[in-house]
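This report refers to the structure that appears directly beneath it.
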Amino acid sequence: DRASQALRDTRYLRWAVELAKSAHTAFVYDVWPGGEKRMAWKMSIDLTRPLVPFMGAHDPLDGLVTFSELEWDAPRDCERSAWPGLGEEIAELVRLCQGMRFVTEDPLGIGGLLSDAWRVVRLVILGDVSREELALDLLAAAQPSLEAYEKNAATRLPAQYRLAFRELGLSLGLRAVERLKNKVEEEEDRFRDSRAVRAGAGSLERFLPLADTIETFWLDPGNQKASTWEDHFDINRVMLASSLIPGGYLAA
């Protein structure tokens with residue numbers, strides 16, 4: 001999708017949609033024939049069998065947000081009639097998300113929640129007004145999640161008891177909150193209930209300094225000597241760079 005936007009070539013967007021369809025077909029399965037559906041947490045690389053059949057709390061949410069972005073970016077001219085839409089897949093993901101509790105104490109999960117909130121708010125601003133309720137749900141879940149994380153005092157533990165990539169996922173999500181708050185203030189007329197969206201974004205503002213705290217801790221060369229940093233060296237570096245320079249990941 002990003003390649004399609006950067007190169008102005010819908011071929012890449014079509015590939016993204018085809019990939020989304022293949023992933024959905026593999027990951028989403030019937031618990032019994034014609035019955036309730038679930039999503040596998042992990043699949044084998046060739047997508048032929050589930051490695052972890054249980055459903056993660058935010059997996060359907062991530063799918064819904066990503067597929068909604070792809071559907072919104074689809075061509076709106078004569079190409080549209082022949083375009084492989086994601087309407088059925090989105091409808092299934094909506095059903096999977098219904099009744100789910102998005103509150104979490106996991107830092108990476110909170111970061112994903114915050115990033116998804118930003119992406120959904122951006123969709124509403126672009127014109128997908130049907131997603132405003134989801135944006136409010138995510139903002140509402142983010143506050144108790146951050147409060148719970150703050151209360152467990154994980155950021156006061158030494159490096160050997162912490163996982164950098166998970167914490168840096170949270171700091172990246174907090175960088176998304178900065179953008180979200182500013183954008184909502186600039187584009188408040190795009191929302192049916194701008195007051196509620198502003199309140200939801202504003203309730204997260206006091207947590208923003210936590211991003212600096214996390215980044216500073218993991219920039220410390222001494223903390224990067226911990227086994228928990230070295231054991232996940234590659235992903236830790238990617239997540240630290242993404243948090244420090246979030247524009248590529250969070251760009252409109």
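In this chain, numbering begins with 1 at the start of the sequence shown. Basis for what follows: all heavy atoms, side chains included, without hydrogens, waters or symmetry-related copies.
With Thr66 contributing its side chain and Asp62 its backbone, the two residues share a donor-acceptor pair below 3.5 Å. Judged by distance alone, with hydrogens and angles left aside, the side-chain atoms of Arg2 form a donor-acceptor pair with the main-chain N or O of Gly248 at under 3.5 Å. Proximity of a side-chain donor or acceptor of Ser115 to a complementary backbone N or O of Gly112 within less than 3.5 Å is not detected. Between the side chain of Asn223 and the backbone N or O of Phe217, at least one donor-acceptor pair lies under 3.5 Å. Side chain of Asp59 to backbone of Gly56: a donor-acceptor contact under 3.5 angstrom is found. In this structure, the side chain of Arg122 does not engage the main chain of Glu69 through any donor-acceptor pair within 3.5 Å. Side-chain atoms of Ser203 come within 3.5 Å of backbone atoms of Gly200 as a donor-acceptor pair (strictly under, hydrogens ignored). Remark: side-chain polar atoms of Glu167 are not paired, donor with acceptor, to backbone N or O of Arg162 under 3.5 angstrom. The backbone N or O of Ala196 lies less than 3.5 Å from a partner atom in the side chain of Asp193, making a donor-acceptor pair. Side chain of Thr48 to main chain of Ser44: no donor-acceptor pair is present (N/O by atom type, distance under 3.5 Å, no hydrogens or angles).
Contacts of Glu133 classified as salt bridge (charged side-chain N to carboxylate O under 4.0 Å, His left out), with partners at least two apart in sequence or in another chain: none. Judged as a ring pair (Phe, Tyr, Trp, His ring centres under 6.0 Å), and not counting sequence neighbours, the contacts of Phe165 are His232.
Minimum interatomic distance between Val103 and Pro144 (heavy atoms only, all atoms of both residues): CG2-CG, 3.9 Å. Between Pro50 and Ala40, the closest heavy-atom pair is CB-CB, 4.1 Å. The two atoms that bring Leu13 and Pro75 nearest to each other are CD2-CD, 4.4 Å, heavy atoms only. Residues Arg179 and Pro246 approach most closely at NH2-C, 4.5 Å, considering heavy atoms. Scanning all heavy atoms of the two residues, the minimum distance from Phe207 to Gln143 falls at CZ-O, 4.3 Å.
No side-chain donor-acceptor contact under 3.5 Å links Ser68 and Arg119. Gln160 and Thr228 are not linked by any side-chain donor-acceptor pair at a separation below 3.5 angstrom, with hydrogens and angles left out of the test. Using modelled atom types and a 3.5 Å distance limit, the side chains of Thr104 and Asp106 yield no donor-acceptor pair.
Cluster membership for Val197 and Leu126, using ILVMFWY side-chain heavy atoms within less than 4.5 angstrom, is not shared. Hydrophobic clustering of Ile, Leu, Val, Met, Phe, Trp and Tyr side chains at less than 4.5 Å, counting indirect connections, keeps Leu19 apart from Met39. Under a hydrophobic-cluster definition in which Ile, Leu, Val, Met, Phe, Trp and Tyr are linked whenever side-chain heavy atoms come within less than 4.5 Å, directly or via other members, Leu86 and Leu123 are assigned to different clusters. There is a path of hydrophobic side-chain contacts, each under 4.5 Å, that joins Leu240 to Ile235. Leu157 and Ile214 end up in different hydrophobic clusters when Ile, Leu, Val, Met, Phe, Trp and Tyr side chains are linked at under 4.5 Å.
Around atom CZ of Arg195, no more than 12 heavy atoms belonging to other residues, nucleotides or ligands sit under 6.0 Å away. By the 6.0 Å contact criterion, NZ on Lys37 is enclosed, its count of non-hydrogen atoms from other residues, nucleotides or ligands being greater than 12. Counting heavy atoms of neighbouring residues, nucleotides and ligands inside a 6.0 Å radius, atom CD of Glu88 does not exceed 12 of them. Around NZ of Lys183, the count of heavy atoms belonging to other residues, nucleotides or ligands within 6.0 Å does not exceed 12. In the displayed structure, Tyr29 atom OH is contacted under 6.0 Å by more than 12 heavy atoms of other residues, nucleotides or ligands.
Salt bridge Glu185/Lys181: present, at least one basic N to carboxylate O contact under 4.0 Å. Salt bridge status for Glu18 with Lys21: absent, with no side-chain N to carboxylate O gap under 4.0 Å.
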Side chain to side chain contact (heavy atoms under 4.5 Å, CB included) between Leu170 and Tyr149, worked out: CA-CA 10 Å; Leu170 171 55; Tyr149 179 75; 3.4 Å; yes
Salt bridge (charged side-chain N to carboxylate O under 4.0 Å, His left out) between Glu147 and Arg206, worked out: CA-CA 10 Å; Glu147 288 172 348; Arg206 72 178 182 86; 3.7 Å; yes
Check against side chain to side chain contact (heavy atoms under 4.5 Å, CB included), Leu244 and Leu219: CA-CA 10 Å; Leu244 291 168; Leu219 281 168; 4.0 Å; yes
Stepwise side chain to side chain contact (heavy atoms under 4.5 Å, CB included) test for Arg14 and Trp83: CA-CA 8 Å; Arg14 180 181 285 272; Trp83 192 260; 3.7 Å; yes
Worked verdict on Arg175 versus Glu178 for salt bridge (charged side-chain N to carboxylate O under 4.0 Å, His left out): CA-CA 5 Å; Arg175 298 305 182 201; Glu178 296 172 349; 3.0 Å; yes
Stepwise side chain to side chain contact (heavy atoms under 4.5 Å, CB included) check, Met55 with Leu96: CA-CA 10 Å; Met55 186 163 65; Leu96 283 172; 4.2 Å; yes
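A 4.5 Å side-chain heavy-atom check between Arg11 and Ser4 finds every atom pair outside the cut-off. Looking at heavy atoms from C-beta onward, Ile125 lies in side-chain contact with Val121 at the 4.5 angstrom threshold. Counting only heavy atoms from C-beta outward, the side chains of Leu172 and Leu168 never approach each other to under 4.5 Å. Taking 4.5 Å as the limit, some side-chain heavy atom of Leu180 sits within range of a side-chain heavy atom of Val184. Taking 4.5 Å as the limit, every side-chain heavy atom of Leu204 sits out of range of all side-chain heavy atoms of Leu174. Between Leu7 and Tyr12, the closest side-chain pair of non-hydrogen atoms falls below 4.5 Å. Using a 4.5 Å heavy-atom cutoff, the side chains of Arg49 and Met43 are not in contact.
We find the CZ-CD distance between Phe191 and Glu132 to be 6.5 Å, quoted to the nearest 0.5 Å. Glu150 contributes atom CD, which lies 10.0 Å from atom CD1 of Ile110 (distance to the nearest 0.5 angstrom). Distance OG/Ser242 to CG/Leu250: 9.0 Å, rounded to 0.5 Å. Rounded to the nearest 0.5 angstrom, Arg131 CZ and Trp72 CH2 are separated by 11.0 Å. To the nearest 0.5 angstrom, Leu70 atom CG is 5.0 Å from Asp1 atom CG. The structure places CG of Leu61 at 7.0 Å from CG of Leu113, a figure rounded to the nearest 0.5 Å.
Between Phe67 and His24, the angle of the ring planes lies from 30° to 60°, which puts this pair in the tilted group.
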